[in-house]
Amino acid sequence: MVQTIEKSLATFLEGDLGEVEEAVRKAAATEILPRFRQLAADEIVEKNGPHDLVTVADRLAEEQLTHALTALLPGSVVVGEEAVHADPSVLGALGGDAPVWIVDPVDGTRQFVHGDPGFATLVCLAHRGELLASWTYAPALDELAVARRGGGAVLNGVPLRSGSPEPGRELTVAISHYDFTTDEEKRVLATLLTDGVAPRPCGSAGLEYLAVARGTLDSLAFTWENAWDHAAGLLLVAEAGGASATVAGEPFRITGGNALPLSAARDEKTLRHILGLLASAG
């Protein structure tokens, strides 16, 4: 059975993966965009507080993607943000033998609710902890970034390269939004308030990773480890030439148990500088 799944996965990855893009675009076109700036009050629900929101668009888009993606790759499973919220045991699939689609239907729900176009649909295909392919789609901005392990990254079909910051220029760094951080996390992130670094609160995590991959943001530092927020972006940054690691200098594990914060950057030098500052908090 395991060999059959691996053969099916290998065959799938050898294709052009265009059907995945179609599934992502369709979910956004049918369940997300029609509700953008059109949400009724009863279509927005607080999950864990006033800043942690979910909408009917999140739930329906995830349901549609779950059906579509598992049909494209028989034997695969889905770990979606809303499914995990309903049943945390779903997370166990990240460490299983089946290929897993990691889905965040609306990354940046707060932006979506407030009519800000800076939200995204994130999908990443992984197997036994290895990130294989990812899709970062900003439907309101009509931007789709795709990455394939060992195959590079593209944005709307154009190759992405993160490049390196100009020597001597202040580094721009997106950090976990203060509304979502503990006092201890704020203390650690405060190490970035230093000469040569300009931290700012992040928006959609997926779009911040895209900004690093396209070279318009130098680095990011996040203090949480939900796989659906990071998987697609980590592969995108890596395939665009960037680098990432936890504050312990280790690769991020989608199965959890990471030393945090996690950082990604346009190049290895920038990554090491940001991680060094974060580690100085002790």
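In this text the structure is predicted, and so the values were computed from the model without any measurement.
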- Message: If you apply the rule salt bridge (charged side-chain N to carboxylate O under 4.0 Å, His left out), what do you find for R59 with E63, and how did you get there?
- Response: CA-CA 6 Å; R59 289 192 290 266; E63 289 175 7; over 6 Å; no

- Partner residues of A98 under the side chain to side chain contact (heavy atoms under 4.5 Å, CB included) criterion, sequence neighbours left out: V77

- Decide, yes or no, whether a salt bridge links E143 with R214 under the criterion of side-chain N to carboxylate O below 4.0 Å. yes

- Message: Against E225, only a single residue in T255, T246, N258 fulfils side-chain hydrogen bond (donor to acceptor under 3.5 Å, both in side chains); can you say which?
- Response: N258

- Query: Would you call R128 and E6 a salt bridge, taking side-chain N to carboxylate O under 4.0 Å as the test?
  - Reply: yes

- Mind checking salt bridge (Lys or Arg N to Asp or Glu O under 4.0 Å) for E22 and listing every partner two or more places apart, or none if nothing turns up? none

- Query: Sequence neighbours excluded, which residues qualify as ring-ring contact (aromatic ring centres under 6.0 Å, His included) partners of F222?
  - Reply: Y209, W224, H230

- Atom of A232, atom of C124 and distance for their closest heavy-atom approach: N-CB, 3.8 Å

- Hey, is D179 close enough to R110 for a salt bridge, meaning N to O under 4.0 Å? yes

- Task: Inspect the contact between E208 and R200 and indicate whether a charged nitrogen and a carboxylate oxygen are less than 4.0 angstrom apart.
- Result: yes

- Task: Sorted by first residue and then second, give each salt bridge (Lys or Arg N to Asp or Glu O under 4.0 Å) pair with at least one member in residues 267-282; sequence neighbours left out.
- Result: E268-R272

- Task: To the nearest 0.5 Å, tell me how far L13 CG sits from L125 CG.
- Result: 6.0 Å

- Item | Polar side-chain atom of E81 near backbone of V103 as donor-acceptor pair, under 3.5 Å | no

- Just do the salt bridge (charged side-chain N to carboxylate O under 4.0 Å, His left out) check on R149 and E130 with the steps written out, would you? CA-CA 9 Å; R149 188 174 188 86; E130 183 178 36; 2.8 Å; yes

- Query: Who are the side chain to side chain contact (heavy atoms under 4.5 Å, CB included) partners of A227, not counting sequence neighbours?
  - Reply: L94, I102, I254

- Across all chains, not counting sequence neighbours, the side chain to side chain contact (heavy atoms under 4.5 Å, CB included) partners of L17 are F12, A133, W135, R148

- Would T270 and D218 count as having a side-chain donor-acceptor pair, cut-off 3.5 Å? no

- Any side-chain donor paired with an acceptor under 3.5 Å for D58 and T109? yes

